[in-house]
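In this chain, residues are counted from 1 in sequence order. Keep in mind that what you see is a predicted model, and the values were worked out from it rather than measured.
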Amino acid sequence: MLALFLLGLSMISVPGRAVDVPARLQVVSSSDTRLVDIPLQPGERWCLVWNHSVTGIRVADCYRYWQGKMVLERSHQPDFAAGLGHIPGRGVQTSDGEGGYWIEHIDEPVPGNGYLLRVGSMAVNHRLCHAGNIISLSALAAGEPVTVRLQTNNPIP
């Protein structure tokens, strides 16, 4: 199933032109310790994947570094569990062929190129998936608040 997420990332596009400025995907603790630091080129994609805390189903939010911004492209949700679901007007819901669904074409820039995340326990297992690599944030900082951010020297227009 994870391979499906990663394969699907290569089939999505966002209109516009890329900014030729390398960036870094970072996860930073509340004490400003860098827990994850991944170099990115324009157009690269990654997903934040976790197990739903109530049902245990795997959920994924998938992003792209595009025109100097962290952009939420799509989300995979195998069920309409608590806190999940499609909001009409925000992307297009499509079947994943396995009883769940993708919300495609969300294409929303993340305000400030980052967000706060309270990392779940190992049962939730928040993890970053990028270029075939999986990094468990829960193994690094379970129960802790972290900032997931795109760090670039390019000013955000």
- Query: Does the side chain of Val36 come within less than 4.5 Å of Val146's, by heavy atoms?
  - Reply: no
- Task: Answer yes or no: is there a donor N or O on one side and an acceptor on the other, between the side chain of Arg64 and the main chain of Gly43, under 3.5 Å?
- Result: yes
- Query: Side-chain contact, heavy-atom cut-off 4.5 Å: Arg24 with Tyr65?
  - Reply: no
- Return yes if some donor-acceptor pair links the side-chain N/O of Asn125 with the main-chain N/O of Leu137 below 3.5 Å, else return no. no
- Applying side-chain contact (heavy atoms from CB on, under 4.5 Å), run through Asn113 and Lys69 and close with a yes or a no. CA-CA 6 Å; Asn113 273 342; Lys69 297 176 185 170; 3.8 Å; yes
- From CZ (Arg58) to CZ (Arg127), nearest 0.5 Å: 5.5 Å
- Query: Does any N or O in the side chain of Glu44 come within less than 3.5 Å of the main-chain N or O of Gln41, such that one atom is a donor and the other an acceptor?
  - Reply: yes
- Is there a donor-acceptor pair closer than 3.5 Å between any side-chain N or O of His76 and the backbone N or O of Ala60? no
- Query: After noting the C-alpha distance and the side-chain angles of Leu25 and Val148, does the key distance pass the side-chain contact (heavy atoms from CB on, under 4.5 Å) rule?
  - Reply: CA-CA 7 Å; Leu25 174 60; Val148 178; 4.2 Å; yes
- CH2/Trp66 to CG/Leu150 distance, rounded to the nearest 0.5 angstrom? 14.0 Å
- Does Arg149 offer a backbone N or O that forms a donor-acceptor pair with the side chain of Thr147 under 3.5 Å? no
- Task: Output the distance between atom CG (Leu40) and atom CD (Gln151), rounded to the nearest 0.5 Å.
- Result: 11.5 Å
- Message: I'd like to know if the two cysteines, Cys47 and Cys62, have SG atoms within less than 2.5 Å.
- Response: yes
- Task: Dump the intermediate steps for side-chain contact (heavy atoms from CB on, under 4.5 Å) on Leu48 and Leu117, then the final yes or no.
- Result: CA-CA 11 Å; Leu48 178 68; Leu117 171 70; 4.2 Å; yes
- Item | Atom pair CD1/SG of Ile134 and Cys129 - distance to nearest 0.5 Å | 4.5 Å
- Can you tell me how far CG of Leu128 sits from CG of Leu35, rounded to the nearest 0.5 angstrom? 10.5 Å
- Task: Go through the structure and list residues passing side chain to side chain contact (heavy atoms under 4.5 Å, CB included) with Pro145, not counting sequence neighbours.
- Result: Ser30, Arg118
- Test side-chain contact (heavy atoms from CB on, under 4.5 Å) on Val28 and Thr33 and set out the steps. CA-CA 5 Å; Val28 181; Thr33 301; over 6 Å; no
- Item | Asp107 side chain near Glu73 side chain, heavy-atom distance below 4.5 Å | yes
- Hey, what's the ring geometry for Tyr115 with Tyr63, parallel, tilted or perpendicular (30° and 60° as the breaks)? parallel
- Heavy-atom check, side chain of Val21 versus side chain of Pro42, under 4.5 Å: no
- Item | Approximate separation, where rounding is to 0.5 Å, of Asp61 CG and Leu72 CG | 5.5 Å
- Only pairs at least two apart or in different chains count here, so list each salt bridge (charged side-chain N to carboxylate O under 4.0 Å, His left out) that has a residue in residues 25-34. Arg34-Asp37
- Query: Do you see a donor-acceptor pair shorter than 3.5 Å between the side chains of Ser136 and Ser138?
  - Reply: no
